[in-house]
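In what follows, chains carry the letters A, B, and so on, assigned in the order in which the sequence lines appear, proteins first and then strands, with residues in each chain numbered from 1. Keep in mind that this is a model prediction, so the values were computed, not measured.
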Number of protein chains: 2
Amino acid sequence: MYSQAEENYLKTIYVLEKDFGDDVSTNLIAGKTKTKPSSVTDMLKKLAIKDLVLYKKYQGVKLTETGRLTALKVIRKHRLWECFLVQKLNFNWDEVHEIAEQLEHVKSELLINKLDAFLRFPKLDPHGDPIPDEQGRIIKNQSTSIIDMKLGSTGTLVAVKDSSETFLRYLNKKNLALGDKLKVIDIEPYDNSYHIETKTHRLVITNNVAENLLLKNVK
Amino acid sequence: MYSQAEENYLKTIYVLEKDFGDDVSTNLIAGKTKTKPSSVTDMLKKLAIKDLVLYKKYQGVKLTETGRLTALKVIRKHRLWECFLVQKLNFNWDEVHEIAEQLEHVKSELLINKLDAFLRFPKLDPHGDPIPDEQGRIIKNQSTSIIDMKLGSTGTLVAVKDSSETFLRYLNKKNLALGDKLKVIDIEPYDNSYHIETKTHRLVITNNVAENLLLKNVK
DNA sequence: ATATTATTTTAGATATGTCTAAATTTTAGC
DNA sequence: GCTAAAATTTAGACATATCTAAAATAATAT
Ligand SMILES: [Mn+2]
Ligand SMILES: [Mn+2]
Ligand SMILES: [Mn+2]
Ligand SMILES: [Mn+2]
């Protein structure tokens with residue numbers, strides 16, 4: 001149906017729409033996909049012809065309903081495979097993203113639904129991200145990034161924004177994992193770094209790290 | 001490392017070398033891969049430059065050691081994924097080949113070795129084909145095709161040469177499965193068709209079908 | 001409001017993998 | 001051994017997906 005490149009662009013646009021609102025810009029996509037803006041323009045034209053995005057020259061793009069559904073199907077596959085790798089093959093959560101980037105492009109509705117059943121219909125992937133169902137329905141996880149938390153507030157780490165090996169290894173090293181209760185004990189105005197406290201230890205994290213940690217039950 | 005197209009050619013050449021002896025011809029490869037001979041020539045040149053095949057113009061190709069090992073690694077992945085699909089996801093043996101054609105190209109040594117362990121190191125895939133180990137070692141299954149059996153001889157069906165959905169569905173319909181004991185009760189000289197007998201029924205199969213059924217303990 | 005800068009698009013090139021049609025080489029028939 | 005047929009290769013084209021450099025457009029700053 002769609003090529004791997006097309007599927008990857010749709011996924012990227014989906015995520016960017018979520019993070020930055022609609023009308024995603026060419027440069028933003030190029031940044032995320034590590035390609036040049038000219039390549040992005042070429043692809044946006046192709047996607048527009050296939051009715052996967054609405055594209056107006058110089059104005060950025062927006063996913064159509066078909067585009068959004070296609071993106072969600074790829075995301076569903078990605079996250080189910082990540083669950084499989086962690087739960088069944090005993091991978092660590094920092095090792096699965098790159099492999100899932102490949103597996104998500106395997107074409108077979110039956111395969112992914114059987115995998116879903118085998119895993120007993122998980123709702124979240126190893127990084128705390130919700131798994132869309134067969135129809136592309138996805139639970140909105142209204143979690144809060146640490147950068148939106150006030151001094152002294154607490155919450156439970158439920159997801160990470162960045163699933164890269166490097167970031168997750170950093171969290172491993174700092175002894176941070178999903179489910180941990182965190183408290184913001186200081187915010188440094190100079191560099192916007194955060195001092196946080198868990199049940200077992202305290203640590204300082206940069207603003208960049210803080211942005212990628214998502215919490216629930218923030219009080 | 002290698003592209004999907006390259007991996008597929010190597011696999012095809014490996015199988016053809018086995019079935020027809022070395023120095024595989026351009027047309028033979030084109031037939032198997034459903035491409036044109038001119039495309040095959042182009043690819044053979046590329047594979048030769050990468051030292052995966054020995055290629056002499058107009059003389060066909062032969063895999064190098066690297067080429068053979070690469071082919072075996074892809075075959076290992078293909079067959080392990082087929083095991084996974086049948087044993088864990090409850091696919092039928094006639095549904096898995098096409099999906100495995102995609103999964104076999106996923107790149108990760110760790111993944112395939114963890115999958116191997118998860119499946120408890122199977123020796124045979126759902127079609128009776130041996131699974132190469134990590135080093136590319138493969139058990140030679142000296143099975144006999146029905147076309148090489150004498151009138152009145154018996155044997156146990158242990159593998160099929162053709163793993164296509166159409167052929168396996170034909171076997172399902174005819175109530176033939178791996179493990180069945182067969183006896184050749186008649187050979188029709190006119191069209192080389194075979195009359196065979198199982199524990200439960202008798203049937204007539206064409207020479208083409210007979211060729212694709214592999215037996216052991218032939219007496 | 002105009003100039004400068006940043007963003008985006010176009011034009012033209014490259015790499016992969018395929019094709020058709022034509023040329024070349026090998027094989028087989030006599 | 002020569003000729004016709006078959007097999008193989010070459011030449012040139014096309015589709016996808018990427019790039020660089022240049023041109024066009026939009027945003028911003030004075
Ligand atoms: Mn991921
Ligand atoms: Mn994930
Ligand atoms: Mn197969
Ligand atoms: Mn098989």
Side-chain angles (χ1 to χ4, degrees), chain A residues 1-13 16-17 19-63 67 70-71 74 101-102 104-107, chain B residues 1-13 16-17 19-63 67 70-71 74 101-102 104-107:
Chain A
M1 193 87 187
Y2 301 115
S3 73
Q4 294 198 189
E6 288 169 338
E7 288 187 345
N8 284 334
Y9 272 93
L10 292 175
K11 229 180 18 155
T12 302
I13 296 166
L16 291 176
E17 274 187 7
D19 289 1
F20 298 88
D22 17 32
D23 281 5
V24 178
S25 78
T26 302
N27 269 8
L28 204 58
I29 297 169
K32 274 272 172 183
T33 56
K34 283 165 190 167
T35 56
K36 302 293 162 183
S38 55
S39 307
V40 175
T41 301
D42 285 347
M43 181 57 88
L44 295 184
K45 288 183 192 168
K46 286 181 217 162
L47 296 177
I49 288 167
K50 298 190 179 186
D51 270 316
L52 295 164
V53 298
L54 296 173
Y55 169 60
K56 267 178 284 177
K57 261 192 196 181
Y58 294 99
Q59 306 299 304
V61 278
K62 204 187 283 206
L63 290 175
T70 307
V74 179
E101 285 292 309
Q102 299 179 64
E104 72 188 5
H105 300 293
V106 173
K107 262 99 184 159
Chain B
M1 193 89 187
Y2 301 114
S3 72
Q4 293 199 189
E6 288 168 339
E7 289 187 344
N8 284 334
Y9 273 92
L10 292 175
K11 227 180 19 155
T12 302
I13 296 167
L16 291 176
E17 274 188 7
D19 288 2
F20 297 88
D22 17 31
D23 281 5
V24 178
S25 77
T26 302
N27 269 8
L28 205 56
I29 298 169
K32 274 273 173 181
T33 56
K34 283 166 190 165
T35 55
K36 302 294 163 183
S38 55
S39 307
V40 174
T41 301
D42 286 346
M43 181 56 89
L44 295 184
K45 287 183 193 168
K46 284 181 217 164
L47 295 177
I49 288 167
K50 297 190 179 187
D51 270 318
L52 294 165
V53 299
L54 296 173
Y55 170 59
K56 265 179 286 179
K57 260 192 195 180
Y58 295 100
Q59 305 299 304
V61 279
K62 205 187 280 204
L63 291 175
T70 307
V74 179
E101 286 293 310
Q102 299 179 64
E104 72 187 7
H105 300 293
V106 173
K107 262 97 184 162

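- In this structure, of dT20(C), dT9(D), dT10(C), it is dT9(D) that holds the atom nearest to the side chain of K57(B).
- The shortest distance between the side-chain N/O atoms of S25(B) and the OP1/OP2 oxygens of dA7(D) is not below 4.0 Å.
- Across dT9(D), dT10(C), dA17(D), the shortest atom-to-atom separation from the side chain of K45(A) is found for dT10(C).
- A straight line from CD of Q4(A) to P of dA17(D) spans 10 Å, rounded to a whole angstrom.
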Step-by-step side chain to side chain contact (heavy atoms under 4.5 Å, CB included) determination, L10(B) to V74(B): CA-CA 9 Å; L10(B) 292 175; V74(B) 179; over 6 Å; no
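- Of the candidate nucleotides dT8(C), dT26(C), dA21(D), dT26(C) has the atom lying nearest to any side-chain atom of Y58(B).
- Whole-Å rounding puts the I49(B) CD1 to dA15(C) P distance at 13 Å.
- Side-chain proximity of T35(A) to dT10(D), dT18(D), dT16(C): nearest is dT18(D).
- Rounded to an integer number of Å, the gap from M43(B) CE to dG17(C) C1' is 7 Å.
- In this structure, the side chain of E17(B) engages the main chain of L63(B) through a donor-acceptor pair within 3.5 Å.
- Of the candidate nucleotides dT9(D), dT8(C), dT20(D), dT8(C) has the atom nearest to the side chain of T41(A).
- The CG atom of L44(B) sits 11 Å away from the P atom of dT10(D) (whole-angstrom rounding).
- Annotation for M43(A) and A5(A): closest pair CE-CB, 3.7 Å, computed over non-hydrogen atoms.
- Between the CG atom of D42(A) and the P atom of dT14(C) there is a distance of 16 Å, rounded to whole Å.
- Applying the 4.0 Å criterion to OP1 and OP2 of dT18(C), one finds that Y9(B) has a side-chain N or O inside that range.
- Remark: of the listed residues L16(B), T26(B), I29(B), I29(B) is the sole one forming a side-chain contact (heavy atoms from CB on, under 4.5 Å) with V61(B).
- Between the CG atom of N27(A) and the P atom of dA27(D) there is a distance of 13 Å, given to the nearest Å.
- K56(B) places its NZ atom 15 Å from the P atom of dT8(D), with the value rounded to the nearest Å.
- At least one donor-acceptor pair under 3.5 Å links the side chain of K107(B) to the backbone N or O of Y2(B).
- The side chain of Y2(A) places no N or O atom within less than 4.0 Å of a non-bridging phosphate oxygen (OP1 or OP2) of dT16(D).
- Between the side chain of S38(A) and the base of dT18(D), no donor-acceptor pair of N or O atoms lies under 3.5 Å.
- In this structure, the CG atom of N8(B) is 17 Å from the P atom of dT16(C), given to the nearest Å.
- Distances from the side chain of S39(B) to the nucleotides dT8(D), dT9(D), dT18(C) place dT18(C) closest.
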